[in-house]
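Accompanying notes for the structure given below.
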Amino acid sequence: VNVVAILQEFWESKQKQRAVFPSEGTVRYESLSSLGPPFVSYVTLPGGSCFGNFQNCFSRAEARRDAAKVALINSLFNELPCRRITKDFIVESVREAVSSTSGNFKDADDPSTSIGAYHYMLESNIGKTMLEFQELMIIFQLLHWNGSLKALRETKCSRQEVISYYSQYSLDERMRSHMALDWITKEQESPGIISQELQVALRELEEARKAGQELRFYKEKKEILSLALSQIYSDQAASSSQDDQMSLALHGYH
């Protein structure tokens, strides 16, 4: 069975039905550079959901097939009625959230609480599938990790205002660049914090991949932190080059 071809055909058929995500795209594969096995491959679906091979693979082709298999299973599972956000689904999800956080069910009607914000987000996305809803949730997970949500709360923005604002955006290069700049600022305040966070993100990504879980949150963290580090090294190299040029200019002057 050609799993890679089946996965491609599945998403092409959804595009023809216009049942695709707001951020349309194709199925994309990415293989980690490695001199030898085990090889790692990621597959990103339209909408941004990401999966990887969870088995030890001894070739890049095998890793790609294994990643495609995980992505296909999740794509098909996402089509089931139980994965679509309905009134009943919302009630059950809020009940589970209350139970897992030892919160209060009455908080669901108060958007200023975490449970209330989650309830509001579910209500705003009724009719969508969980993979579609997850695209929005990833943005808020990253904003929470990045410290942006805390900063917005300090400016007296309500949770509803924040949700409404970021619901209009998709996670793109511009948003990643802004988050990377935030981490560069953190690095200036606490040298070494980016490297520490990157090690955590890489470990989480590896553990989630081997468990067959959805990977986008961990992979986005890795990309944002790597972008911040590359920018810092680029600035340092540019600064060093300018110093060398200045030294040469002064030497010539003398």
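Hydrogens, waters and symmetry mates play no part in the numbers below; they use all other heavy atoms, side chains included.
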**Report entry** Criterion side chain to side chain contact (heavy atoms under 4.5 Å, CB included) on Trp183 and Leu227, from CA distance to verdict
**Finding:** CA-CA 10 Å; Trp183 280 102; Leu227 180 61; over 6 Å; no

**Report entry** Residues Ile139, Leu143; criterion side chain to side chain contact (heavy atoms under 4.5 Å, CB included); working and verdict
**Finding:** CA-CA 6 Å; Ile139 293 176; Leu143 289 171; 3.9 Å; yes

Report task. Applying side chain to side chain contact (heavy atoms under 4.5 Å, CB included), run through Gln134 and Ser49 and close with a yes or a no. Result -> CA-CA 8 Å; Gln134 191 173 37; Ser49 293; 3.7 Å; yes

Query raised in the report: Would Lys87 and Glu123 satisfy salt bridge (Lys or Arg N to Asp or Glu O under 4.0 Å), going step by step from the backbone distance to the final call?
Result: CA-CA 8 Å; Lys87 289 290 185 182; Glu123 287 282 356; 3.2 Å; yes

Requested in this report: Begin from the C-alpha positions of Met137 and Met121 and carry the test side chain to side chain contact (heavy atoms under 4.5 Å, CB included) through to its verdict.
Outcome: CA-CA 9 Å; Met137 286 295 291; Met121 290 177 71; 3.4 Å; yes

Query raised in the report: Does the salt bridge (Lys or Arg N to Asp or Glu O under 4.0 Å) test come out yes or no for Arg203 and Glu206, once each step is laid out?
Result: CA-CA 5 Å; Arg203 185 173 64 251; Glu206 182 74 358; over 6 Å; no

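Listed here is the closest heavy atom pair of Leu171 and Met175: CD1-SD, 3.5 Å. When all heavy atoms of Asp66 and Gln55 are compared, the closest pair comes out as OD2-N, 3.1 Å. Nearest heavy atoms, Lys210 versus Phe54: O-CB, 3.6 Å. In terms of heavy-atom proximity, Lys222 sits nearest to Ala201 at N-CB, 4.2 Å. Of all non-hydrogen atoms in Asn2 and Ala5, the two that sit nearest each other are OD1-N, 3.1 Å. Closest of all the heavy-atom pairs between Tyr42 and Lys219 is CD1-CE, 3.6 Å.
Side-chain N/O atoms of Trp11 and Ser75 include a donor and acceptor closer than 3.5 Å. Between the side chains of Ser148 and Asn146, at least one donor N or O lies within less than 3.5 Å of an accepting N or O. Defined by atom type and a distance below 3.5 Å, a donor-acceptor pair is present between the side-chain atoms of Asn78 and Thr129. Side chains of Ser234 and Gln231: a donor-acceptor N/O pair is absent below 3.5 angstrom, by distance only.
Residues satisfying the ring pair (Phe, Tyr, Trp, His ring centres under 6.0 Å) criterion with Tyr165, sequence neighbours excluded, are Tyr169. For Ser93, the side chain to side chain contact (heavy atoms under 4.5 Å, CB included) partners two or more places apart in sequence, or in a different chain, are Phe89, Tyr118, Leu122.
How far CD1 of Ile73 is from CG of Leu7: 11.0 Å, rounded to the nearest 0.5 Å. Rounded to the nearest 0.5 angstrom, Arg174 CZ and His178 NE2 are separated by 5.0 Å. The CG atom of Leu72 sits 9.5 Å away from the CG atom of Leu45 when rounded to the nearest 0.5 Å. If you take CD1 on Ile138 and OH on Tyr218, they are separated by 8.5 Å, rounding to the nearest 0.5 Å.
Remark: Glu92 engages Arg95 in a salt bridge, criterion side-chain N to carboxylate O under 4.0 Å. Salt bridge Glu220/Arg176: present, at least one basic N to carboxylate O contact under 4.0 Å.
No donor-acceptor distance shorter than 3.5 angstrom exists from the side chain of Gln141 to the backbone of Phe217, with no hydrogens or angles considered. At least one donor-acceptor pair under 3.5 Å links the side chain of Asn53 to the backbone N or O of Ser41. Between the side chain of Arg28 and the backbone N or O of Val43 there is no donor-acceptor pair closer than 3.5 Å. The backbone N or O of Val70 sits less than 3.5 Å from a side-chain atom of Asn74, completing a donor-acceptor pair. At distances below 3.5 Å, at least one donor-acceptor pair connects side-chain atoms of Ser13 with backbone N or O atoms of Phe10.
Under the 4.5 Å side-chain contact rule for hydrophobic residues, Val40 and Phe58 do not share a cluster. Under the 4.5 Å side-chain contact rule for hydrophobic residues, Phe77 and Val3 do not share a cluster. Follow the hydrophobic side-chain contacts under 4.5 Å out from Leu215 and you never reach Phe39; the two are in separate clusters. Hydrophobic clustering (ILVMFWY, side-chain heavy atoms < 4.5 Å, transitive): Val200 and Ile193 are in distinct clusters. Note on Ile126: it does not cluster hydrophobically with Leu80, by side-chain heavy-atom contacts below 4.5 Å among ILVMFWY residues.
Residue pairs meeting the side chain to side chain donor-acceptor pair (under 3.5 Å) criterion with at least one partner in residues 185-202, sequence neighbours excluded, are Trp145-Glu197.
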